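First comes the structure, then the notes that go with it.
Computed from a prediction, not measured in an experiment: that's the story for all the values here. We count ligands from 1, going down the list as the structure has it; atoms in each ligand are counted the same way.
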Amino acid sequence: MLCILVHILVIVSVTTADALPNTKLLNDGKSIPIVAYGTFGKTNEVEIIKPAVINAIEAGYRHIDTAAVYQNEEQVGEAIVDVMSRGIVTREDLWITTKLSLDVGTREGVLPSLQTSLKKLKLDYVDLYLIHSPMNLLNVQEYDYLNVWKGMEDIKKLNLARSIGISNFNSTEINRILANSKTVPSVNQIEVNPIYTNLDLVAYCQSLNITVMAYAPFGFLVPRPYLNYTTSVTFEDSVYKRIAHKYGKTTSQVVLRYLIDRGTVPIPRSTNTKRIKLHFGILDFNLTPNEIYSINELNEDAKVYNFQDESFFAALSEYYGM
Ligand SMILES: NC(=O)c1ccc[n+]([C@@H]2O[C@H](COP(=O)([O-])OP(=O)(O)OC[C@H]3O[C@@H](n4cnc5c(N)ncnc54)[C@H](OP(=O)(O)O)[C@@H]3O)[C@@H](O)[C@H]2O)c1
Ligand SMILES: *[C@@H]1O[C@H](CO)[C@@H](O)[C@H](O)[C@H]1NC(C)=O
Ligand SMILES: *[C@@H]1O[C@H](CO)[C@@H](O)[C@H](O)[C@H]1NC(C)=O
Ligand SMILES: *[C@@H]1O[C@H](CO)[C@@H](O)[C@H](O)[C@H]1NC(C)=O
């Protein structure tokens with residue numbers, strides 16, 4: 001009898017909010033893993049991504065973040081085939097996020113571009129598809145992210161993407177989507193880290209039940225060779241060190257946990273086997289509100305990915321070989 005009761009309780013608890021462990025409930029009812037493995041790197045070194053993604057999935061990551069512009073969807077797809085063929089995971093265990101090519105600016109352009117990505121990824125659907133940017137970064141002839149969003153709604157209806165969202169959108173751009181379409185984006189993927197806390201935009205998204213994925217989770221705490229900014233804060237800062245010591249973690253693990261405890265989904269990127277493992281070891285502790293506050297205090301409002309600045313996009317493209 002007790003045994004049956006326990007079973008019922010377990011079933012009830014897995015069908016309610018935040019059901020699966022280490023996932024977050026999106027506004028469309030899907031459960032997204034709370035940490036993603038980032039794959040953006042130099043396009044002339046793209047072959048290192050396949051073993052890196054295999055390492056990441058073997059280390060426990062279930063969420064992989066890629067994009068058409070990263071030119072590595074084929075290598076990510078090969079890694080997925082590899083781990084699935086060895087029985088390490090099934091398709092249902094994985095959450096694959098990719099992003100619309102930057103050269104699509106119309107509603108009609110979305111479906112063929114997603115089909116190209118799916119073919120490279122060797123998948124018949126992605127879990128999450130994002131508009132990469134509201135800005136017309138490649139100066140394509142027709143470009144309106146609102147039309148593109150209608151194309152995103154189309155592909156969701158076709159079930160080729162289970163969830164749809166946006167990336168690099170500010171509150172004005174989000175408001176324009178909300179005022180002119182029927183679907184609230186499930187995710188906004190933006191830069192968030194201790195050096196660029198982005199408090200207002202994160203709060204705005206969260207007030208709308210739009211989940212924030214936090215890219216560049218280490219911000220200027222790690223080298224950004226193509227940029228000139230130097231921060232006064234490092235991983236050695238006493239605020240991080242004190243918290244790290246308390247939980248028996250490294251300061252980089254504290255930074256990732258800080259982002260999770262702010263309710264965001266961080267996307268650490270590493271091709272170093274040791275760090276891939278290290279960055280996944282963040283599921284067994286929580287920061288207190290005061291600890292989050294003390295990390296927020298170190299904010300310098302310094303954004304790594306400043307797409308508004310043309311010289312930045314040129315420097316980034318050159319460094320990464322895009
Ligand atoms: N939507 C967008 O527009 C957008 C923009 C930017 C990024 N993203 C996504 O977010 C992901 C993460 O962003 P990001 O690549 O800028 O990454 P990040 O995770 O903030 O930083 C990655 C870099 O930091 C180094 N690193 C990591 N931990 C370190 C440590 N403990 N000590 C020293 N160095 C360390 C890594 O080198 P090693 O490899 O040697 O560890 C790597 O070069 C991307 O891969 C991409 O998936 C999206
Ligand atoms: C967010 O959306 C989920 C799924 O629809 C829902 O269960 C949850 O109550 C919503 N949260 C808020 C704060 O509206
Ligand atoms: C959002 O970006 C657009 C385009 O760059 C700009 O016109 C608008 O002022 C921005 N809104 C906010 C709140 O920053
Ligand atoms: C960095 O500084 C150099 C030299 O001052 C300058 O030419 C370059 O444009 C700067 N790069 C960025 C991304 O600001």
Ligand 2-proximal atoms of Leu25, by part, heavy-atom distance under 4.0 Å | side chain
Ignoring hydrogens and angles, state whether a donor on the side chain of Tyr129 or Lys156 is under 3.5 Å from an acceptor on the partner side chain.
-> no
Considering only protein heavy atoms, which is closest to atom 13 (O) of ligand 1, and at what distance to one decimal place?
-> Ala216 N, 3.2 Å
Contact region, Phe40 to ligand 1, non-hydrogen atoms below 4.0 Å, reads both
If we only count N/O pairs under 3.5 Å, is Phe307 in contact with ligand 1?
-> no
Is there any N or O on Phe218 that sits under 3.5 Å from an N or O of ligand 1?
-> yes
Quick one: look up the protein heavy atom nearest atom 28 (N) of ligand 1 and list residue, atom name and how far away it is.
-> His279 CE1, 3.3 Å
Which residue, Tyr247, Tyr240, Tyr258, forms the side chain to side chain donor-acceptor pair (under 3.5 Å) with Glu291?
-> Tyr247
How does Val304 reach ligand 1, by side chain, by backbone, by both or by neither, if only non-hydrogen atoms under 4.0 Å count?
-> neither
Distance filter under 4.0 Å to Pro268 heavy atoms, resulting ligand 1 atoms | 19 (O)
Ignoring hydrogens and geometry, is there a side-chain-to-backbone donor-acceptor pair from Arg176 to Ser171 under 3.5 Å?
-> no
For atom NZ of Lys119, is the number of surrounding heavy atoms from other residues, nucleotides or ligands below 6.0 Å larger than 12?
-> no
Nearest to atom 46 (C) of ligand 1, what protein heavy atom do you find, and at what distance?
-> Tyr70 OH, 3.4 Å
Measure the distances from the heavy atoms of Tyr37 to every atom of ligand 1 and state whether one is below 4.0 angstrom.
-> no
Applying salt bridge (charged side-chain N to carboxylate O under 4.0 Å, His left out), run through Lys249 and Asp284 and close with a yes or a no.
-> CA-CA 10 Å; Lys249 295 288 176 181; Asp284 55 355; 2.9 Å; yes
Does His132 have a heavy atom less than 4.0 Å from any atom of ligand 1?
-> yes
Could you tell me whether the side chains of Ser101 and Asp103 share a donor-acceptor contact shorter than 3.5 Å?
-> yes
Any donor-acceptor N or O pair under 3.5 Å, side chains Tyr215, Asn168 = yes
Ignoring hydrogens and angles, state whether a donor on the side chain of Glu300 or Ser232 is under 3.5 Å from an acceptor on the partner side chain.
-> yes
Output the set of protein residues with a heavy-atom contact under 4.0 Å to ligand 3, ordered first by chain identifier and then by residue number.
-> Asn170, Ser171, Thr172, Glu173, Gln308
Which option out of Ser167, Ala67, Pro266 puts a heavy atom nearest to atom 1 (N) of ligand 1?
-> Ser167
Using a strict 4.0 Å cut-off to heavy atoms of Gln189, name the atoms of ligand 1 that fall inside it.
-> 1 (N), 2 (C), 4 (C), 8 (N), 9 (C), 48 (C)
Is any NZ, NE, NH1 or NH2 atom of the basic residue among Asp65 and Lys99 found under 4.0 Å from an Asp or Glu carboxylate oxygen of the other?
-> yes
I would like to know whether Asp154 and Arg107 meet salt bridge (charged side-chain N to carboxylate O under 4.0 Å, His left out); could you show each step before the answer?
-> CA-CA 9 Å; Asp154 297 337; Arg107 178 174 187 166; 2.9 Å; yes
Please state whether Lys99 comes within less than 4.0 angstrom of ligand 1, counting heavy atoms only.
-> yes
Taking only heavy atoms of Thr39, which atoms of ligand 1 are found under 4.0 Å from at least one of them?
-> 45 (O), 47 (O)
For Thr183 and Ser181, test the side chains for any donor-to-acceptor distance below 3.5 angstrom and give the result as yes or no.
-> no
Quick one: sort the Tyr305 and Phe40 rings into parallel, tilted or perpendicular, breaks at 30° and 60°.
-> tilted
For Asn306 and Tyr196, test the side chains for any donor-to-acceptor distance below 3.5 angstrom and give the result as yes or no.
-> no
Could you find the nearest protein heavy atom to atom 37 (O) of ligand 1 and give me its residue, atom name and distance?
-> Arg275 NH2, 4.0 Å
Enumerated ligand 1 atoms positioned under 4.0 Å from heavy atoms of Asn168 | 1 (N), 2 (C), 3 (O)
Any idea which protein heavy atom is nearest atom 26 (N) of ligand 1, and the distance to it?
-> Val222 CG1, 3.6 Å
Structural part of Ser252 in contact with ligand 1, heavy atom criterion under 4.0 angstrom = side chain
Geometric N/O contact Asn209 with ligand 2, under 3.5 angstrom | yes
Rounded distance (nearest 0.5 Å) linking atom CG of Leu111 with atom CG of Leu100 | 11.0 Å
Heavy-atom nearest neighbour in the protein, as seen from atom 39 (O) of ligand 1, with distance rounded to 0.1 Å = Thr271 N, 2.9 Å
Considering only NZ, NE, NH1 and NH2 on the basic side and carboxylate oxygens on the acidic side, decide whether Lys182 and Glu153 come within less than 4.0 Å.
-> no
Do Ser311 and Asp309 get their side chains close enough for a donor-acceptor pair, meaning under 3.5 Å?
-> yes
Asp82/Arg86 ion pair, N-O < 4.0 Å | yes
Say whether Asp127 and Thr97, considering side chains only, have a donor N or O and an acceptor N or O under 3.5 Å apart.
-> no
Residue, atom and distance of the protein heavy atom nearest atom 11 (C) of ligand 1 read Ile267 O, 3.3 Å
Select one of side chain, backbone, both or neither to describe which atoms of Arg224 lie under 4.0 Å from any atom of ligand 1, heavy atoms only.
-> side chain
Determine whether the side chain, the backbone, both or neither of Arg269 has a heavy atom under 4.0 Å from any heavy atom of ligand 1.
-> both
Does ligand 2 have an atom under 4.0 Å from some heavy atom of Asp28?
-> no
Glu142 atom CD: more than 12 heavy-atom contacts under 6.0 Å | no
Which ligand 1 atoms does Ser270 reach within 4.0 Å, using its non-hydrogen atoms?
-> 38 (P), 39 (O), 41 (O)
Shortest protein contact, atom 2 (C) of ligand 1 (heavy atom only) = Tyr215 CE2, 3.3 Å
